[in-house]
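Report on the following structure.
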There are 2 protein chains.
Amino acid sequence: MDVYAKNCPSRQVLDRIGDTWSVLILLALTGGPRRYSQLQATIADISPKMLTQTLRGLERDGLVTRTVHAVVPPRVDYALTALGVSLHDLLESMRVWAEGHIDDVESARAAYDRRS
Amino acid sequence: MDVYAKNCPSRQVLDRIGDTWSVLILLALTGGPRRYSQLQATIADISPKMLTQTLRGLERDGLVTRTVHAVVPPRVDYALTALGVSLHDLLESMRVWAEGHIDDVESARAAYDRRS
DNA sequence: CAGCATCCATTCGGATACTG
DNA sequence: CAGTATCCGAATGGATGCTG
């Protein structure tokens, strides 16, 4: 089990975690199912193409479920699976870290750029 | 503070966390400084270009320090800053999650592919 | 509403060759 | 040893238009 090896499956999992759209979608699924259009509204600048593509990937990995309601107009709900929830908690920590340390990062960048 | 907004700084931080090479380098810096060549050896399939480029980015963000020793042959050490350490702990959790749930993900993928 | 298909600009990153 | 510079193919992902 070696994340540093390209062909190790754990790397694939890490790559998924590392995908910005996947992370944002999983975060957006906090607190219950969301519709396709709701996700699109929440993640303002995602294109339909990437939204669909990423959702399919997450579904394939067993992180979200896709439920089609046979109504007109169509309605599709996405929700976290148990596996998705367990990852979600981790991503929440990441979001918290990101929001909590922007200032540090930005001042570090400013200092670095001033130097060079 | 909204990670879903493209121009929010917190998104930039999230993007950095989402960069595979950055994650692997930060993980590889566990337990003290490492030399350039050591990093290259640990992360088997990273090119010199990406290693240097990513290290520069991490340095700029205040996550790692770069120390040049004035000796022949040259020796450069990279180490985590305090900020880097705080992020590192989070990434370790991610690595643990990844290694602990590969089986779930892989069986989910197999099931999904069998269905379609 | 929730997508899929196609085209295409941009970016990413590998390979290679060279340097202080 | 620790990079830098350049080239270039591959992949990413946005825009657009169409469909059940």
Side-chain angles (χ1 to χ4, degrees), chain A residues 3-7 11-12 14-26 28-29 33-61 64-79 112 115-116, chain B residues 4-7 11-12 14-26 28-29 32-61 64-79 112 115-116:
Chain A
V3 285
Y4 303 120
K6 186 199 294 183
N7 22 4
R11 252 294 266 289
Q12 296 177 13
L14 214 62
D15 285 347
R16 171 146 301 303
I17 298 176
D19 181 46
T20 304
W21 295 134
S22 296
V23 171
L24 292 180
I25 289 176
L26 290 172
L29 288 176
R34 293 283 187 289
R35 302 180 58 174
Y36 184 91
S37 51
Q38 289 180 306
L39 292 173
Q40 202 165 21
T42 303
I43 309 169
D45 49 350
I46 193 173
S47 63
K49 174 182 172 179
M50 289 316 296
L51 181 54
T52 299
Q53 186 174 305
T54 308
L55 282 169
R56 290 290 181 281
L58 293 172
E59 190 192 355
R60 189 170 103 98
D61 285 359
V64 307
T65 56
R66 177 173 183 268
T67 310
V68 181
H69 302 276
V71 295
V72 182
R75 176 199 177 94
V76 180
D77 283 329
Y78 293 92
Y112 184 94
R115 217 170 296 131
S116 52
Chain B
Y4 303 120
K6 187 200 291 181
N7 21 5
R11 251 297 262 290
Q12 295 177 13
L14 213 63
D15 285 346
R16 170 145 303 301
I17 298 175
D19 181 46
T20 305
W21 293 135
S22 294
V23 171
L24 292 180
I25 289 176
L26 290 172
L29 288 176
R34 294 281 188 289
R35 303 180 56 174
Y36 184 92
S37 52
Q38 289 179 307
L39 292 172
Q40 201 166 22
T42 302
I43 309 167
D45 48 350
I46 194 173
S47 62
K49 173 182 171 178
M50 289 316 295
L51 182 53
T52 299
Q53 187 174 303
T54 307
L55 282 169
R56 290 289 182 281
L58 293 172
E59 190 191 355
R60 188 170 105 98
D61 284 0
V64 307
T65 57
R66 177 173 182 268
T67 310
V68 180
H69 302 277
V71 295
V72 182
R75 176 198 179 95
V76 180
D77 284 328
Y78 293 92
Y112 184 94
R115 217 169 296 132
S116 51

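Lettering of chains follows the sequences in order, A, B, ..., and the numbering in each one begins at 1.
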Can you check whether [X] has a side-chain N or O nearer than 4.0 Å to OP1 or OP2 of [N]?
| X | N | result |
| --- | --- | --- |
| Arg35(B) | dC1(D) | no |
| Arg66(A) | dA2(C) | no |
| Ser37(B) | dA2(D) | yes |
| Tyr36(A) | dC4(C) | no |

I need the [atom1]-[atom2] distance between [X] and [N], as an integer number of Å.
| X | N | atom1 | atom2 | answer |
| --- | --- | --- | --- | --- |
| Gln53(B) | dT6(D) | CD | P | 15 Å |
| Lys49(B) | dA10(D) | NZ | P | 15 Å |
| Gln40(A) | dG14(D) | CD | C1' | 13 Å |
| Leu39(A) | dA2(C) | CG | P | 9 Å |
| Ile46(B) | dA2(D) | CD1 | P | 14 Å |
| Leu51(B) | dA2(D) | CG | P | 10 Å |
| Met50(A) | dA11(D) | CE | C1' | 11 Å |
| His69(A) | dG3(C) | NE2 | C1' | 16 Å |

**Complete:** Tightest non-hydrogen contact, residues Val64(B) and Leu55(B), listed as CG2-O, 4.1 Å
Where the side chain of [X] is defined as all heavy atoms beyond and including C-beta, which of [options] is the nearest nucleotide?
| X | options | value |
| --- | --- | --- |
| Ser47(B) | dG14(C), dG3(C), dC1(C) | dG14(C) |
| Trp21(B) | dA2(D), dG13(C), dC1(C) | dG13(C) |
| Arg56(B) | dG3(D), dC1(D), dA2(C) | dG3(D) |

Could you check whether any side-chain N or O of [X] sits under 3.5 Å from a backbone N or O of [Y], counting only pairs where one atom can act as donor and the other as acceptor?
| X | Y | value |
| --- | --- | --- |
| Tyr4(B) | Ala41(A) | no |
| Ser22(B) | Gly18(B) | no |
| Tyr36(B) | Pro48(B) | yes |

**Item:** No-hydrogen, no-angle side-chain donor-acceptor test under 3.5 Å, Thr67(A) and Asp77(A)
**Value:**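 The criterion, which ignores hydrogens and geometry beyond distance, is not satisfied for Asp77(A) and Thr67(A).
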**Request:** Specify the residue among Pro74(A) and Thr52(A) whose closest nucleotide of DNA chain C lies further upstream toward the 5′ end.
**Result:** Pro74(A)
